[in-house]
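Please read the structure below before turning to the comments.
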Number of protein chains: 2
Amino acid sequence: MDGSPSDPGQAPGSVSELLDRLDGLGATLPKRLGQCADYLRHNIHLVAVSTVADLSAGAGVQPSAFMRFCQALGFSGFSEMQALFRAEYRELRPDYAERLSQLRERGEEGPEWLAASFAEAGHKSLVSLMNGLDGAKLDEACRLLAAAGTIHLVGLRRAFAIVSTMGYMLDKMQVPTVIHRTSGQIESDHAIRPGDALFAVSFTPFSQETLQLAARTAERDIPVVALSDTADCPLREAAKVLLIAREVDVGAFRVPTAAMTLATSLAVAVGGMRKDRLTIRSNGSKME
Amino acid sequence: MDGSPSDPGQAPGSVSELLDRLDGLGATLPKRLGQCADYLRHNIHLVAVSTVADLSAGAGVQPSAFMRFCQALGFSGFSEMQALFRAEYRELRPDYAERLSQLRERGEEGPEWLAASFAEAGHKSLVSLMNGLDGAKLDEACRLLAAAGTIHLVGLRRAFAIVSTMGYMLDKMQVPTVIHRTSGQIESDHAIRPGDALFAVSFTPFSQETLQLAARTAERDIPVVALSDTADCPLREAAKVLLIAREVDVGAFRVPTAAMTLATSLAVAVGGMRKDRLTIRSNGSKME
DNA sequence: CCGTTGATGGAATAGATATTCCAAATCGGG
DNA sequence: CCCGATTTGGAATATCTATTCCATCAACGG
């Protein structure tokens, strides 16, 4: 049955299985098939809605080469591979898009319509978050916070939800954390000591309290990591790293979906690095 | 050029334009084309990845009927219509899916990988939120809160981010709101007066403080609206309406994307209803 | 009840698209 | 430098999909 020796004979049953196999094949593929593999890895989302001609052109190869590539992956041909992507697409796909279109029939502005709109906005925010995300900056932010003694969090108004969540998660992971509420007193400053770090969150319009705390902390050479919704925010002066999460709005309102997602990722990553540090320090005996 | 009188001659330039036109055509369509319209409204997401045969079968009509339907919408044929959906799909589509697949190459567990995972989880949470959303319950929740004098919010730990955001938004919309922090005192109770309403948020594992405040408030016949991540949560006894928002997790962690989206929708809807109420009361003179 | 108009189903056709095939090119080893 | 094995490009073909056409059917007005 399976003539060629490297062919597993079985086609992948899901997209992630396919990606596994792609990784498995590694660099053993001939030049043109390698181009196909690269192109596929970077443009998975196109498979469901494109033709072999489109894809092969994108990869810079002949259709026949792309065909051979599909077969090298274990499929009978392109159609079988595409079926996989289409099936996955059908399942995961927003029923909410349908819902939105149904809701336009009976008047808008109701809570359900709002929910659908905010959900759609959330999808878009997440997409744009990932499109604009700078891996290096994120790594750096992570490193700074993981290296700190105590992590100080500040964020008011809309931003408070973010620091509240981060504070809760960091605390659960046993990372020393303080949430600052600048209720008039300036005493916050003294709690932030050399060796600590400050994570400041502020969206337009920025609260003076947050900006000032960040500025004073930076002046004392304590590292500040900032999260905002725009790159030209006053925090960029004080911050060693400025992360951006912009939300898609519905009317004048927005859900902090992207910011929340980014902040949570950061918290979990920092928690993970901290755990490693602890494990090493205590000589491997303390786990979990 | 355009022979038929009812044909606008111009094809829609986007999916939402298409839906507009669908609504415009309303019930003027003959039976079979009406079936197509219905099916399309409920299955928009299938168009990009299906054939005329699939869709017409789904709608229960002949391919030729579906063809006529596409033309009635102003397209030259099905292909032109499908192109629209495919284009929209290509644009909106998660680059983050690609990113995830690229990241599997160079080791996992880094912050960027986490962000991509949480983003994907967020997409799924939003989809499942909208799939499971009960419009009637949401309306009812909205009505109860809009009718209240002051809206009281309670939620601790993970839930605090939710009430914090709601409190901020309601306040911005000039809805009288109090966020309760049960810092030991029971005095919270006295602040909640007849005519008010309580919005209680609690996720597993539930905090006693929230549950108890909700229970005591319900006993006093003050309406309680609850938000949780599971239907069998202790709040269901006290609550007149229990809303559910379940999050997809990454490992042991989750971002409160769905809950945040639902809560924000509720807040905006309530704010809208309040404004109407105000406008009516003040005899239409106060607008903005 | 009949004739006209519009809608419908199904088969025929035109057009894409996937898939295969083979000659030419390339590569690697002796 | 040559020979065999592999890979490649492009054209030929098979398959599948969209699209049209027309005979039949239902609805409606006279």
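Note on naming: letters A, B, ... go to the chains in the order of the sequence lines (proteins, then strands), and numbering restarts at 1 for each one. Values below: every heavy atom of this structure, side chains too, minus hydrogens, waters and symmetry copies. As the structure is a prediction and not an experimental result, all values here were calculated from the model.
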Report summary line: From CZ of A:F75 across to P of C:dT20 the rounded distance in Å is 15 Å

Query raised in the report: D:dA18 C1' sits how many Å from B:E80 CD, rounded?
Result: 13 Å

Requested in this report: Check the distance between D:dG10's C1' and A:R32's CZ and give it to me in whole angstrom.
Outcome: 13 Å

Report summary line: Ordered by number, residues from residues 52-70 of chain B within less than 4.0 Å of DNA chain D (heavy atoms) are B:V52, B:A53, B:S64, B:M67

Query raised in the report: Could you give the CG-to-P distance, from B:L33 to C:dG6, as a whole number of Å?
Result: 14 Å

Report task. Taking all non-hydrogen atoms of both residues into account, name the closest pair between B:R90 and A:V49 and its distance. Result -> NH2-O, 3.1 Å

Query raised in the report: What is the distance, rounded to the nearest whole Å, between atom CG of B:L29 and atom C1' of C:dT8?
Result: 15 Å

Report task. May I ask you to check whether A:R68 and A:Q71 show a side-chain donor-acceptor distance below 3.5 Å? Result -> no

Requested in this report: Kindly give the heavy-atom pair with the smallest separation between B:C70 and B:M81, and that separation in Å.
Outcome: SG-SD, 3.9 Å

Query - Distance in angstrom units between B:F78 CZ and D:dT20 P, rounded - result: 14 Å

Requested in this report: Starting from P on D:dA18, measure out to CE on B:M81 and report it in whole angstrom.
Outcome: 11 Å

Requested in this report: Taking the six-membered ring for Trp and the full ring for Phe, Tyr or His, determine whether the centres of B:Y89 and A:Y89 are under 6.0 Å apart.
Outcome: yes

Query raised in the report: Are any of the side-chain nitrogens in B:E140 or B:K137 under 4.0 Å away from the carboxylate oxygens of its partner?
Result: no

Query raised in the report: Between B:K31 (NZ) and D:dC25 (C1'), how many Å, whole number?
Result: 12 Å

Query raised in the report: Side-chain N or O of B:S79 less than 4.0 angstrom from OP1 or OP2 on D:dT17?
Result: no

Query raised in the report: Under a 4.5 Å cut-off applied to non-hydrogen side-chain atoms, are B:R246 and B:S125 in contact?
Result: no

